[in-house]
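Only one structure is covered here, and it is reproduced in the block below.
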2 protein chains.
Amino acid sequence: MSISLQPVKGTRDFYPDDMRLRNWLFDIWRNASRRFGFEEYDACVLESEELYIRKAGDEITGQLYNFEDKGGRRIALRPEMTPSLARLVLQRQSSLTFPLKWFSIPQCFRYERMTRGRRREHFQWNADIVGQPDQMAELEALSLLLTAMRMMGLGPEHIRVHVNDRRLLDAILDHIQAPRENHLAVMVVMDKRDKITPEELNRLLEEQGLSPEMTARLNTFLAMRSLDEVLAELGECEAIASLRTLLERLEQSGLGGYARFDITVVRGLSYYTGTVFEVRDAGASLRAICGGGRYDSLLSTFGGQDVPAVGFGFGDVVILELLSDLGLLPQLDRELEFAVIPFSQNEAPLALQIAQGLREQGRTVSTDFSYRKLKKALQRADATGALKALLLLPDEAAQGLAVLRDMKTRTEETVPLAGIMEQKAD
Amino acid sequence: MSISLQPVKGTRDFYPDDMRLRNWLFDIWRNASRRFGFEEYDACVLESEELYIRKAGDEITGQLYNFEDKGGRRIALRPEMTPSLARLVLQRQSSLTFPLKWFSIPQCFRYERMTRGRRREHFQWNADIVGQPDQMAELEALSLLLTAMRMMGLGPEHIRVHVNDRRLLDAILDHIQAPRENHLAVMVVMDKRDKITPEELNRLLEEQGLSPEMTARLNTFLAMRSLDEVLAELGECEAIASLRTLLERLEQSGLGGYARFDITVVRGLSYYTGTVFEVRDAGASLRAICGGGRYDSLLSTFGGQDVPAVGFGFGDVVILELLSDLGLLPQLDRELEFAVIPFSQNEAPLALQIAQGLREQGRTVSTDFSYRKLKKALQRADATGALKALLLLPDEAAQGLAVLRDMKTRTEETVPLAGIMEQKAD
């Protein structure tokens, strides 16, 4: 039998080199989350399809990776984590103490029929604050996000947080007299702005009841660069006041350099109700790295009570591309303290004993039972990143001795086997 | 809309309490793997169904969680990790340096039509040594396994490693003249021994060409308790010599107390070719906790060259049950150094600044923007496991001061805000 060695179309393999990088990223996400007092949770990658069925035509639900299981159930590989989070919260709504600050690093899937090299899975850091109506939730979420960015070496010269508010977009759509029942669908269309042609955009907006004149007025708003411009046209409203405070408070927290108002930020998910934000490459590409916002009604759409919530999703693919482009990817070598190398099968049991003793102390130890020439074995030890090689040679071993080689300085010393366990860690 | 809040049948949710326990277990697995010089890898939970199609009727492939994707591909949620590992190794066989020592903690799935509360997914630590023909590979794998067990507090009084060899079973089946082409299928049947009735077992063996007399002779062998008994009946053979050395070397490594020869260990996977082992509860239940063995032909069945390999799979469900039964589950509290509590919205920006400053130092800090009564806020801080509460009160804040409360001793001191960052970590 000969089988395909490729991973399933659109999925990724993680060889040890790739995995070290993935773990480096996940560790930053976990570490930042813990500093902010977020607790980790998880749910299964399989969910009922019904969890993702929404009316507004979100891209994410249009590209659902779904199937029927052998029991006839409609199952989806989760496209995003927030509905699972909502499900968990609703399941224990009466016993949980709010606000919750939870995070997770789920793998998420999508299925497009016409995939041109686009991935069908990625990992996505999710952090959410549930049960905190105050804008402090937005500030905590944004601070968490930016702390993680800083831990990756990204400053305001590399990335920007573009903030907006769904209520502002609602006010503008009201102002241009777009049909109120279509606001959500219009926003989902607006989010596709950069991905489709202006003609296609106009056609989709027209389908949602926007006349060419209304679309022109909408575009005038979308070209505005400051809150003051919007204020002058629209008049004072809740969303403008809220955005103003948010930007002020980011300034007070020392994060002002990252933040800017951006009326074009919509986000593609239909459940956002207030603040929306997106982190973008500050360079020419302007690619979106991650985003999120406030969603105060998601839980009630699932049959629960309204619970205020703020959260974001941060995928692993674009950020690693950006860090690579900026030369900010870390050099991650294997970490190994000792390579224990027996000369022949005779020294193998001794090698095992010594390795076991060191490992019980918590040291990292590789063993090489290939019995190849010492020069080859040392090359291999070097390639595996070992700091020290412990050579077990027949004559020395008979006298209770071993040769300890420092792989960096290439110096050797003869040490008593009994003293190996007392070797200080570097 | 009201949706089901339950996870998909047979899958699990991990609330923060569950997740802390899962992370504790995964950390032990990762930490033990690293001490032994194993490198982490991963592959996607989706694989082509063909990867699991085998002839011998393994239970694992009979319970495949498979489906057709929208592009008509036959996809499976992986039931086990070894075929993915084989795929990864074969893909880069010419560029990888052997032996490989790799580990992973994949989620694995199965689908039975008649599931009586049985789970459809679990996480399974996999560690494999690929390209090491020497028995040292078995010893390294078993030492790794037992080191992880010890890290969980499990000694020889709790668990035992039962070792056997597929070549011994082959020799016995030859000895009783079972049809050679059915050996593998007979072993898969033998592995079901404890799960089906003796009558059913006899019927299945008969289907594989074993007469009642042959089955009786097989049962005589399976009742033997020592290698010497088997030797007396069967005569010296490679498998007996190999098992003898393996047990001796485990003794030399100080792991003899855990190990015993057990002729009934078969393992259900058809690809094992040599040593097989199973860790079992040493108590009355004898439940199998994990297992593995040598599989020297798996890669060639996938179309590559023969590559010697040894590995094991260690699931998260049974071990946590056992640890719970033994009272060995750890008490895992939330870890949080500071709870920062502003008295009102006026102190909120200050709270954010101080929290941000501490977090940038790597400290873990929660914030409480609920502005409830201090007594309530302190109760909440206590419930979240905070060691210290930092109270930001109007009068004190105006003087650049805050109240720092030690949550254990319930003592308070007034400290300058400027000095908070210099607070020593506990």
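Order of the sequence lines fixes the chain letters, A, B, ..., with proteins taken first and strands second; residue numbering starts at 1 for each chain.
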Greatest number of heavy atom pairs closer than 4.5 Å to chain A - which of [options]:
{"options": "B/Glu39, B/Lys101, B/Gln252, B/Met151", "result": "B/Glu39"}
{"options": "B/Ala32, B/Ala348, B/Ser84, B/Ala339", "result": "B/Ala348"}
{"options": "B/Arg73, B/Gln345, B/Gln107", "result": "B/Arg73"}

So which residue, [options], ends up with the most heavy-atom pairs under 4.5 Å with chain B?
{"options": "A/Val45, A/Asp368, A/Asp18, A/Asn66", "answer": "A/Asn66"}
{"options": "A/Leu96, A/Leu90, A/Thr97", "answer": "A/Thr97"}
{"options": "A/Glu335, A/Glu68, A/Arg150", "answer": "A/Arg150"}
{"options": "A/Thr147, A/Thr367, A/Leu139", "answer": "A/Thr367"}

Quiz prompt | Heavy-atom side-chain contact between A/Arg12 and B/Asp42 under 4.5 Å | solution = no
Quiz item: Are any of the side-chain heavy atoms of B/Ser4 and A/Arg87 separated by less than 4.5 Å?
Solution: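 B/Ser4 vs A/Arg87: side chains apart.
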Value rounded to 0.5 Å, distance of [atom1] in [X] from [atom2] in [Y]:
{"X": "A/Glu140", "Y": "B/Leu352", "atom1": "CD", "atom2": "CG", "value": "6.0 Å"}
{"X": "A/Thr11", "Y": "B/Glu47", "atom1": "OG1", "atom2": "CD", "value": "7.0 Å"}
{"X": "B/Met19", "Y": "A/Ser104", "atom1": "CE", "atom2": "OG", "value": "6.0 Å"}
{"X": "B/Arg359", "Y": "A/Ser143", "atom1": "CZ", "atom2": "OG", "value": "7.0 Å"}
{"X": "A/Ser366", "Y": "B/Phe36", "atom1": "OG", "atom2": "CZ", "value": "12.0 Å"}
{"X": "A/Asp13", "Y": "B/Leu88", "atom1": "CG", "atom2": "CG", "value": "4.0 Å"}

Any idea which heavy atoms bring [X] and [Y] closest together, and the distance?
{"X": "B/Pro349", "Y": "A/Arg249", "answer": "CG-NE, 4.5 Å"}
{"X": "B/Pro99", "Y": "A/Arg372", "answer": "CD-NH2, 4.3 Å"}
{"X": "A/Asn23", "Y": "B/Arg34", "answer": "ND2-NH2, 3.9 Å"}
{"X": "A/Cys44", "Y": "B/Glu121", "answer": "SG-CG, 4.2 Å"}
{"X": "B/Pro16", "Y": "A/Tyr41", "answer": "CD-CB, 4.2 Å"}
{"X": "A/Arg380", "Y": "B/Phe98", "answer": "NH2-C, 4.0 Å"}

Quiz item: What do the steps show when you test A/Leu77 against B/Leu46 for side chain to side chain contact (heavy atoms under 4.5 Å, CB included), and what is the final call?
Solution: CA-CA 10 Å; A/Leu77 299 174; B/Leu46 303 182; 3.9 Å; yes
Self-check item: B/Tyr15 and A/Trp102 aromatic ring geometry - parallel, tilted or perpendicular at 30°/60° bounds
Solution: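 A/Trp102 vs B/Tyr15 ring planes: perpendicular.
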Could you tell me which portion of [X] (side chain, backbone, both or neither) has an atom closer than 4.5 angstrom to a non-hydrogen atom of chain B?
{"X": "A/Arg92", "result": "both"}
{"X": "A/Phe369", "result": "both"}
{"X": "A/Leu144", "result": "neither"}
{"X": "A/Gln6", "result": "both"}
{"X": "A/Asn31", "result": "neither"}
{"X": "A/Gln91", "result": "both"}
{"X": "A/Gln353", "result": "side chain"}
{"X": "A/Arg334", "result": "side chain"}

Quiz item: Quick one: which residues of residues 129-137 of chain A reach chain B at under 4.5 angstrom, heavy atoms only?
Solution: A/Gln132, A/Asp134, A/Met136
Self-check item: Lys/Arg-Asp/Glu bridge criterion (N-O < 4.0 Å) met for A/Asp69, B/Lys9
Solution: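 Judged by the 4.0 Å cut-off on N to carboxylate O distance, A/Asp69 and B/Lys9 do not form a salt bridge.
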Exercise. Salt-bridge test for A/Glu360 and B/Arg35: reply yes if a basic N is under 4.0 Å from a carboxylate O, no otherwise.
Key: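 Salt bridge flag = no for B/Arg35 with A/Glu360.
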Need one label for [X]: side chain, backbone, both or neither, based on atoms under 4.5 Å from any heavy atom in chain A.
{"X": "B/Gln356", "value": "side chain"}
{"X": "B/Leu336", "value": "side chain"}
{"X": "B/Ile75", "value": "side chain"}

Quiz item: Does a sphere of radius 6.0 Å around NZ in B/Lys376 hold more than 12 heavy atoms from other residues, nucleotides or ligands, not counting ones at 6.0 Å or beyond?
Solution: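 12 or below, so no.
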